Amino acid sequence: MPELTVTLYSSSFCGACTSTRATLEQIAPLLGDRIEWHEVNVAADPDASETAGVVATPTVVISAPDGTERMRAAGVPTAPQLLTAIAAALP
């Protein structure tokens, strides 16, 4: 069972979202099955985005298995920033 869920809220024509997606893809192999990865296109699923309170893309949300939000960041994070945030959020 994954220890955390990382969700990228993105939009189709967002260059910053493309950069964030690439960074997430870069770090995913380092974390194995400890993390469950999701992407939500805000245009395709506006209800999920609204429920999560997402007001800008890209937004990365790190959540515990019970859905408790552990961290949220808007903008383009670096790989070290993401890894640090994930490490801090791990139980």
Side-chain angles (χ1 to χ4, degrees):
M1 176 177 195
E3 297 172 59
L4 294 173
T5 298
V6 175
T7 304
L8 168 61
Y9 291 87
S10 65
S11 56
S12 299
F13 300 104
C14 167
C17 297
T18 301
S19 296
T20 302
R21 186 180 305 108
T23 302
L24 290 170
E25 290 170 356
Q26 176 188 4
I27 67 167
L30 302 173
L31 299 163
D33 60 358
R34 296 182 76 181
I35 308 296
E36 186 174 323
W37 305 93
H38 295 280
E39 183 169 354
V40 176
N41 183 313
V42 298
D45 196 351
D47 291 338
S49 304
E50 185 175 326
T51 299
V54 173
V55 296
T57 60
T59 295
V60 176
V61 177
I62 300 173
S63 304
D66 67 0
T68 304
E69 188 174 308
R70 297 273 180 93
M71 192 281 308
R72 172 185 297 241
V76 182
T78 64
Q81 288 171 329
L82 281 169
L83 290 168
T84 300
I86 290 168
L90 283 167

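Quick caveat: nothing in here was measured; it's all calculated off a predicted structure. Every heavy atom of this structure was used, including side-chain atoms; hydrogens, water molecules and symmetry mates were not. Throughout, numbering of the chain's residues begins at 1 and tracks the sequence.
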**Prompt:** Transitively linked via ILVMFWY side-chain contacts under 4.5 Å: Ile35 with Leu24?
**Reply:** yes
**Request:** Work out which heavy atom in Ala74 is nearest to a heavy atom in Thr59; give both atom names and the distance.
**Result:** CB-OG1, 4.0 Å
**Item:** Asp33: side chain to side chain contact (heavy atoms under 4.5 Å, CB included) partners, not counting sequence neighbours
**Value:** none
**Request:** Specify the closest pair of heavy atoms between Pro91 and Arg70, including all atoms of both residues, with the distance to one decimal.
**Result:** N-NH1, 4.1 Å
Check: residues 75-86 side-chain donor-acceptor pairs under 3.5 Å, at least two apart:
from	atom 1	to	atom 2	distance (Å)
Thr78	OG1	Gln81	N	3.2
Thr78	OG1	Gln81	OE1	3.3
Gln81	OE1	Thr78	N	2.8
Thr84	OG1	Pro80	O	2.8

**Prompt:** Who pairs with Ala28 by side chain to side chain contact (heavy atoms under 4.5 Å, CB included), at least two apart in sequence or on another chain?
**Reply:** Trp37
Check residues 42-51 and write down every donor-acceptor pair under 3.5 Å in which the side-chain atom is one partner and the other belongs to a residue at least two apart or another chain.
from	atom 1	to	atom 2	distance (Å)
Asp45	OD1	Ala48	N	3.3
Ser49	OG	Asp45	O	3.2
Thr51	OG1	Asp47	O	2.9

**Request:** Report whether Val60 and Leu30 are members of the same hydrophobic cluster (ILVMFWY, side-chain heavy atoms less than 4.5 Å apart, transitive linking).
**Result:** yes
For residues 5-16, run the donor-acceptor check on the side chains, cut-off 3.5 Å, and write out each pair with its distance to 0.1 Å, sequence neighbours left out.
from	atom 1	to	atom 2	distance (Å)
Ser10	OG	Glu39	OE2	2.6
Ser11	OG	Thr57	OG1	3.2
Ser12	OG	Asn41	ND2	3.0

**Request:** Please name the pair of heavy atoms, one in Ala52 and one in Arg72, separated by the smallest distance, quoted to 0.1 Å.
**Result:** O-NH2, 2.5 Å
**Fill in**
Across all chains, not counting sequence neighbours, the side chain to side chain contact (heavy atoms under 4.5 Å, CB included) partners of Ala56 are none
